[in-house]
Amino acid sequence: MCELFGVTSNHKVNLNEYLKTFISHSDEHPNGWGMAFFDEGLSVVREPVRASNSKKLEQLLGRPISSAKMLAHIRLATKGYVELENTHPFVKKDKKGRTWTFAHNGTIFNAPVLNKYQEVQIGSTDSERTLYYIIDRVNEEVGSDRIKLIESIARDLSEHNKFNFILHDDDYYYVHINEGGTLHKLEEDGSVIFSTQVLDNSDWKEVEQNKLFVYKDGKLIHEGKKHEFGHITTQEEMDMIFMDYSSL
């Protein structure tokens with residue numbers, strides 16, 4: 001699987017040490033890395049290489065990095081070849097001009113609603129197809145409460161799938177997991193930092209599974225209703241993932 005990192009805050013947070021620790025996990029997640037920053041418009045940098053081997057990332061981390069809104073991803077490929085088009089995060093605009101940025105940790109094992117996007121997506125990941133689906137739903141339901149819409153999508157796609165994600169839509173910062181112990185948060189001084197694994201000795205807490213959490217500038221503005229589609233990775237799924245990975 002992959003790992004996620006993210007920040008939502010009411011002020012810029014110094015991130016170098018957190019990111020260096022996060023990136024050190026790329027020995028086990030060697031198939032690409034990416035970051036998106038939302039402070040002054042959207043800035044995305046990503047490469048289909050092991051993060052610990054990236055000269056670009058070494059230069060980036062060699063300078064002070066601070067952000068109030070960002071996300072990062074290191075990839076262990078389970079769907080899609082190791083190439084730039086399959087490297088997270090994925091970005092797409094809706095009809096209202098909002099830019100949606102999506103990073104996913106998990107695997108979509110069964111979701112027929114995504115199948116049609118195989119014909120139009122740029123890469124070949126289930127994660128990219130998921131973002132296409134989200135955008136289509138947002139475009140179809142213009143005027144509806146998009147937080148409730150994302151909550152509904154999170155619930156529906158959690159059935160039969162591992163669906164951990166961080167999503168940003170220019171305004172809101174969405175966080176969801178449906179497998180326990182697969183995302184942690186550190187809350188302090190108006191900021192929330194998320195990481196798949198605990199990054200230091202601070203007071204990290206597990207993110208509650210099967211709920212959508214929505215933040216704006218570090219403040220929780222929506223805690224969704226708990227759904228029933230928790231995921232536990234089975235041996236059969238692990239075998240499927242291994243077979244997919246071995247064919248890349």
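Only this structure's heavy atoms are used, side chains among them; waters, hydrogens and symmetry mates stay out. Sequential numbering from 1 along the given sequence is applied to the chain's residues.
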field: Within-4.5 Å side-chain heavy-atom neighbours: N105 and K162
entry: yes
- line: Contacts satisfying ring pair (Phe, Tyr, Trp, His ring centres under 6.0 Å) that involve residues 111-153 (not counting sequence neighbours) are none
query: Which of parallel (below 30°), tilted (30 to 60°) and perpendicular (above 60°) describes F102 and F165?
result: tilted
query: Heavy atoms, side chains only, cut-off 4.5 Å: are R75 and N86 in contact?
result: yes
Contact check, side chains of R129 and Q118, non-hydrogen atoms, under 4.5 Å: yes
message: Suppose we screen for ring pair (Phe, Tyr, Trp, His ring centres under 6.0 Å). Which residues come up paired with H222, at least two apart in sequence or across chains?
response: none
task: Check for a donor-acceptor pair, side chain of T182 on one end and backbone N or O of N178 on the other, with a separation under 3.5 Å.
output: no
task: For the pair Y174 and Y172, name the ring-plane relationship: parallel under 30°, tilted 30 to 60°, perpendicular over 60°.
output: perpendicular
statement: Hits for side-chain hydrogen bond (donor to acceptor under 3.5 Å, both in side chains) against S9, two or more places apart or cross-chain, chain-then-number order -> H11
message: Taking salt bridge (Lys or Arg N to Asp or Glu O under 4.0 Å) as the definition, give me every residue that meets it alongside E119, ordered by chain and number, with sequence neighbours left out.
response: none
query: Of all residues at least two apart in sequence or in a different chain, which pass the side-chain hydrogen bond (donor to acceptor under 3.5 Å, both in side chains) check with T21?
result: none
message: In the structure I gave you, are the side-chain heavy atoms of H231 and N161 within less than 4.5 Å of one another anywhere?
response: no
query: Can you list the steps and then say if W33 with E47 is a side-chain contact (heavy atoms from CB on, under 4.5 Å)?
result: CA-CA 6 Å; W33 67 274; E47 288 184 301; 3.0 Å; yes
statement: Residue pairs meeting side-chain hydrogen bond (donor to acceptor under 3.5 Å, both in side chains), one or both in residues 59-69, sequence neighbours left out, come to D39-S67
message: Can you tell whether the side chains of E151 and R155 come within less than 4.0 Å, N to carboxylate O?
response: no
Counterpart residues, ring pair (Phe, Tyr, Trp, His ring centres under 6.0 Å), relative to Y215 (two or more places apart): F194
query: What residues form a ring pair (Phe, Tyr, Trp, His ring centres under 6.0 Å) with F5, not counting sequence neighbours?
result: F22
- prompt: Is the closest side-chain heavy-atom distance between K56 and V45 below 4.5 Å?
  reply: yes
task: Please examine the side chains of E223 and K211, heavy atoms only from C-beta on, and report whether any two atoms are closer than 4.5 Å.
output: yes
field: K96, NZ atom: more than 12 neighbouring heavy atoms under 6.0 Å
entry: no
task: Check the hydrophobic clustering (I, L, V, M, F, W, Y; side-chain heavy atoms under 4.5 Å; chains of links allowed) and say if V142 and I135 are grouped together.
output: no
Separation between CD1 of I134 and CG of N139, rounded to the nearest 0.5 Å: 12.0 Å
query: Should the pair R146-D94 be classified as a salt bridge under the 4.0 Å nitrogen-to-oxygen rule?
result: no
query: Are L186 and Y173 co-members of a hydrophobic cluster defined by side-chain heavy atoms under 4.5 Å apart?
result: no
query: Would you say the side chain of N164 lies within less than 4.5 Å of the side chain of L183, judging by non-hydrogen atoms?
result: no
message: Treating E85 as the side-chain partner and G123 as the backbone partner, does any N or O pair qualify as donor plus acceptor under 3.5 Å?
response: no
message: Which heavy atom of M70 sits nearest to which heavy atom of A72, and what is that distance?
response: CE-CB, 4.2 Å
message: Ignoring hydrogens, what is the shortest heavy-atom contact between V207 and I177? Give both atom names and the distance.
response: O-CD1, 3.4 Å
- prompt: According to a 4.5 Å side-chain heavy-atom criterion applied to Ile, Leu, Val, Met, Phe, Trp and Tyr, with indirect links allowed, do M35 and V13 form part of one hydrophobic cluster?
  reply: yes
- prompt: Is the number of heavy atoms from other residues, nucleotides or ligands under 6.0 Å of K148 NZ greater than 12?
  reply: no
Rounded distance [0.5 Å steps], CD1 in I108 versus OG in S127: 7.0 Å
- request: Determine whether more than 12 heavy atoms belonging to other residues, nucleotides or ligands lie under 6.0 Å from atom CD1 of I221.
  value: yes
- prompt: Should the pair E128-K92 be classified as a salt bridge under the 4.0 Å nitrogen-to-oxygen rule?
  reply: no
field: Residue among D169, V91, D170 satisfying side-chain contact (heavy atoms from CB on, under 4.5 Å) with W100
entry: D169
message: Starting from L19, can I reach W204 by hopping between I/L/V/M/F/W/Y residues whose side chains sit under 4.5 Å apart?
response: yes
- line: Closest non-hydrogen contact found for L157 with T130 is CD1-CG2, 3.8 Å
- request: State, with a plain yes or no, whether a side-chain heavy atom of E228 is found less than 4.5 Å away from one of N210.
  value: no
task: For D217 and T8, test the side chains for any donor-to-acceptor distance below 3.5 angstrom and give the result as yes or no.
output: no
query: Which pair of non-hydrogen atoms, one from P89 and one from L71, has the smallest distance, and what is that distance?
result: CB-CD1, 3.7 Å
- line: Rounded to the nearest 0.5 angstrom, the CZ-NE2 distance for F90 and H104 is 10.0 Å
- prompt: Between K185 and E187, does at least one N-O distance fall below 4.0 Å, as a salt bridge requires?
  reply: yes
- prompt: Linking I/L/V/M/F/W/Y whenever any side-chain heavy atoms sit under 4.5 Å apart, do I193 and V175 land together?
  reply: no
query: Going by distance alone, is a donor N or O of one side chain under 3.5 Å from an acceptor N or O of the other, for E3 and H25?
result: yes
- request: May I ask you to decide if the ring planes of H176 and F163 are parallel, tilted or perpendicular, using 30° and 60° as cut-offs?
  value: tilted
- request: Mind checking side-chain hydrogen bond (donor to acceptor under 3.5 Å, both in side chains) for S52 and listing every partner two or more places apart, or none if nothing turns up?
  value: S26, D27
- prompt: Mind checking what makes salt bridge (Lys or Arg N to Asp or Glu O under 4.0 Å) contact with K12, not counting sequence neighbours?
  reply: E40
message: Working to the nearest 0.5 angstrom, can you tell me the gap between D126 CG and L131 CG?
response: 12.0 Å
message: Once ring pair (Phe, Tyr, Trp, His ring centres under 6.0 Å) is applied, do any residues pair with H168, and if so which ones, sequence neighbours excluded?
response: F38
- prompt: Are S202 and D200 close enough that a side-chain donor and a side-chain acceptor fall under 3.5 Å?
  reply: yes
query: Among all residues two or more places apart in sequence or in another chain, which pass the side-chain hydrogen bond (donor to acceptor under 3.5 Å, both in side chains) test with D156?
result: none
query: Would one find more than 12 heavy atoms of other residues, nucleotides or ligands at under 6.0 Å from atom CD of E28?
result: no
- request: Quick one: pull up CD in E141 and CG in D136 and give me the separation to the nearest 0.5 Å.
  value: 11.0 Å
message: Working to the nearest 0.5 angstrom, can you tell me the gap between K219 NZ and S191 OG?
response: 15.5 Å
Between K93 and T99: side-chain donor-acceptor atoms closer than 3.5 Å: yes
query: Any donor and acceptor pair, going by atom type alone, linking the side chain of N110 with main-chain N or O of H160 inside 3.5 Å?
result: no
- prompt: Looking only at heavy atoms, which two atoms of A51 and I23 are closest? And how far apart?
  reply: CB-CG2, 3.6 Å
- line: Residues H73 and C2: closest non-hydrogen pair is NE2-CB, 3.3 Å
